[in-house]
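Lettering of chains follows the sequences in order, A, B, ..., and the numbering in each one begins at 1.
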Amino acid sequence: MSESTHNLETADPAAGGIADGIRRELDPRAIPLQRVVGRIVTACVSLPLGVGVGVAWAVAGPPAGVVGAIAGVWAAITGGLGWWLHRWAALHHRHASYTVHEEDIEIRSGVVWRKAISVPRSRVQHTDVSQGPLERRYGLGTLGIYTAGTDYAKVALDGLEHETALRIRDHLLPPAGADAV
Amino acid sequence: MPSEPAASSGAVEHRLHPLSVGFWLGSQLRRAILPLIIGGASANFLGGVEMRFVLLIGLIPLVVGSVVRYLTFRYRYEEAELVIRSGLLFRRERHVPYARIQNLDAVQGVFHRVLGVVEVKLQTGGGEEPEATLTVLPLPALAALRQRVREGKREVAGDVAVAGNVAVAGDVAVAGDVAVAAEPVAAATAEPPVDLTLAGSEEGRTLLHLPARELLLHGLLQNRGMVLIAAAFGLAWELGLFERASEWVAGEESWIGPAVEGVAADVVAAGVLATMAAIAALFVAFVIFARVLSVAWTLVRLHDYRVARSEEGLRATFGMLTQVAATIPLRRVQTVTIHEGPLQRRAGRVAVGVQTAGGGQAGQPGNADPHRHQLAPILRRERLSEFLREVIPELEAPEVGWEPVSPLAFRRVARGTCFAATLAAVPLYFTLGAWGVAFHAAFLAWAVFYARRYVDCLGWALKDDMVWFRSGWLWRRATIARYTRIQVVALRASPIDRWRGMARLRVDTAGAGAASHKVDIPFLPVDTARNLRKHLASEAARTAFRW
């Protein structure tokens with residue numbers, strides 16, 4: 001889909017009701033959080049590779065040119081990955097949004113493969129809001145929406161301000177007494 | 001409410017039939033036998049330990065486990081739920097509300113029937129595994145359970161019923177078990193047609209009955225034979241029959257091996273044409289053999305296939321050796337799929353499958369009924385609408401005007417198939433030289449033709465508050481999902497989709513197995529897809545989903 005992603009409302013959702021049909025982007029703090037995650041991933045890939053290169057150097061001691069090339073490749077992988085994940089955080093944020101309507105919630109995501117998912121409120125089986133250690137530091141939370149579906153039995157929306165996630169959760173909760181069985 | 005003690009919270013607990021030990025051990029053995037044999041063989045090989053010894057050691061925990069399971073397994077009927085307790089060290093208590101029970105399947109193998117017992121599987125909305133498997137129950141207990149489930153659905157009308165009678169036949173505690181265990185034998189022998197007991201108390205209206213002629217046709221049309229042959233090969237491999245067979249054919253004293261070799265040599269000597277003819281004949285013989293197997297398997301497996309509509313919903317009963325009675329409450333039906341293969345189309349037949357939310361996964365080995373996905377394995381085309389109306393009462397007529405996908409879809413698919421055809425043709429250029437061109441051209445023609453047919457057969461429709469989707473050219477499948485059964489609507493677009501202004505729409509429902517046909521419409525013009533998503537999501541939101 002080539003839906004325009006500009007002119008989204010970034011107004012504080014706490015101002016009015018959350019179910020106003022306004023398309024909102026995720027909390028901007030999600031970008032630095034994703035960047036931290038990206039750095040961790042980069043380190044996890046880069047460190048073992050670096051150790052491997054170092055060991056190979058120490059043990060075999062190959063001619064200087066080859067060592068230089070290997071070190072260069074390693075630096076390129078580390079730098080490239082780090083840079084790409086750094087950029088990806090912003091790209092991902094730009095293409096992710098959500099809209100809460102009175103009767104359903106729409107979640108858009110995906111940079112290359114775009115997705116737009118509609119979950120009717122009447123189909124929500126249960127919801128949860130989770131917060132990992134990093135998310136807690138940034139005051140963010142992840143909203144999990146569970147349905148009786150198969151491929152979309154769980155729809156996750158991360159990068160929300162924790163408060164907002166709770167508000168959406170409260171909105172999605174089925175009204176009391178409406179047992180769907 | 002009657003003043004039965006069973007009704008109170010201290011409801012009588014029932015045990016399984018004592019034969020459970022044997023049946024449970026049998027099923028566990030079937031699962032454990034291969035690892036045991038492998039373990040025994042390797043122990044024999046590595047440490048010179050007798051294989052028998054290893055097998056015996058391996059057997060002990062299984063036997064102990066079966067006995068413990070029987071001794072600890074209890075179930076009781078509470079006001080609104082079935083409570084099952086089991087386990088010695090790790091106690092487990094499961095509460096299965098009657099109203100949530102999706103399917104209640106009863107399976108009777110040959111041994112079950114001789115001994116007058118039945119294996120019962122209950123499924124609720126979640127998960128693929130049966131919620132509870134009761135291996136094995138005496139037949140009257142099944143009737144009681146059915147009754148309970150039915151009553152429970154009717155707002156728990158009372159604790160009267162068959163359940164009460166059977167349960168309270170003995171005195172409270174231990175005597176209850178004895179009563180349940182003792183009575184079935186008498187009941188089972190007294191009632192000549194086991195069929196009736198298995199199928200439930202009231203008969204209901206028969207919607208579909210497959211006589212032997214239809215089953216024969218079904219066996220011919222669907223190719224079960226290859227599956228059977230593959231399974232037989234697997235079994236032979238496990239049992240080491242191959243070695244014996246090769247000994248038999250190619251061993252020192254065998255006369256078969258040389259005879260076959262002699263005939264083969266004669267045929268080859270007779271020329272290329274004769275060789276080809278012989279190979280063709282062998283192939284035809286193999287195909288015929290596979291089909292005959294398929295027919296035989298179908299005749300035994302689906303013997304007396306019957307679908308009846310009753311108060312409970314749809315009930316399918318079938319089987320010659322292993323008898324199955326599968327119950328599907330009508331409102332549990334999530335989607336309905338109509339299957340049509342090329343041979344079936346020639347014969348004017350279709351198959352109808354339903355997906356239920358209760359783990360009705362097609363062809364799962366543990367499932368009571370691998371045919372659940374085909375409620376009607378074979379059905380005359382002209383009877384389709386009548387049958388569908390019984391399964392989906394909201395349906396007015398199964399005829400629908402199909403909407404095509406994007407006009408650009410053909411070019412897109414053709415580009416893909418032509419690419420594949422070219423890839424397939426490349427090696428031919430190397431091996432056949434100039435002839436490769438001819439083959440390449442033929443492949444390309446086929447690729448374009450196939451793309452055209454494939455795209456023509458794609459279609460979707462909205463009608464009677466349902467979304468319809470069909471796909472497939474030779475093997476056609478059409479799936480119907482009511483708006484009330486829609487869970488999630490998702491729009492997806494790959495980079496190519498975006499480039500061509502298309503999108504794919506997935507309508508997610510409960511109970512759609514990995515292999516089942518889903519409403520997943522590709523190549524939609526992006527505007528159509530967007531509108532459809534909004535429309536379906538709001539239609540779904542307006543209605544409540546009932547399990």
For B:Ile496, I'd like to know if atom CD1 has over 12 heavy atoms of other residues, nucleotides or ligands within 6.0 Å.
no
Of all heavy-atom pairs linking A:Pro120 and B:Gln487, the shortest is CD-O, 3.2 Å
Nearest 0.5 Å please: distance from the OG atom of B:Ser494 over to the CZ atom of A:Arg114.
11.0 Å
Inspect the surroundings of CH2 in A:Trp84 and state if more than 12 heavy atoms from other residues, nucleotides or ligands are less than 6.0 Å away.
no
Donor on one side chain, acceptor on other, A:Thr150 and B:Asp508, under 3.5 Å:
yes
Counting heavy atoms not belonging to A:Arg136, are there more than 12 under 6.0 Å from its CZ?
yes
Can you tell me which of B:Ala537, B:Pro495, B:Gly501 forms the most heavy-atom pairs within a distance under 4.5 Å of chain A?
B:Pro495
Determine whether a donor-acceptor pair (N or O, by modelled atom type, separation under 3.5 Å) exists between the side chain of B:Arg533 and the backbone of A:Ile117.
no
Heavy-atom count check: over 12 atoms from other residues, nucleotides or ligands less than 6.0 Å from B:Arg415 CZ?
yes
Less than 4.5 Å to any heavy atom of chain A: does that hold for the side chain of B:Arg506, its backbone, both, or neither?
side chain
With a 4.5 Å heavy-atom cut-off, do A:Glu103 and B:Arg542 have their side chains touching?
no
Keeping A:Ser122 on the side-chain end and B:Thr543 on the backbone end, is there a donor-acceptor pair under 3.5 Å?
yes
Taking the side chain as every heavy atom from C-beta outward, state whether B:Leu491 and A:Arg108 have any atom pair closer than 4.5 Å.
no
Tell me if a side-chain donor or acceptor on A:Arg123 pairs with a main-chain N or O of B:Ala540 at a distance below 3.5 Å.
yes
Could you point out which residue of B:Val488, B:Val489, B:Thr509 forms a side-chain contact (heavy atoms from CB on, under 4.5 Å) with A:Tyr152?
B:Val488
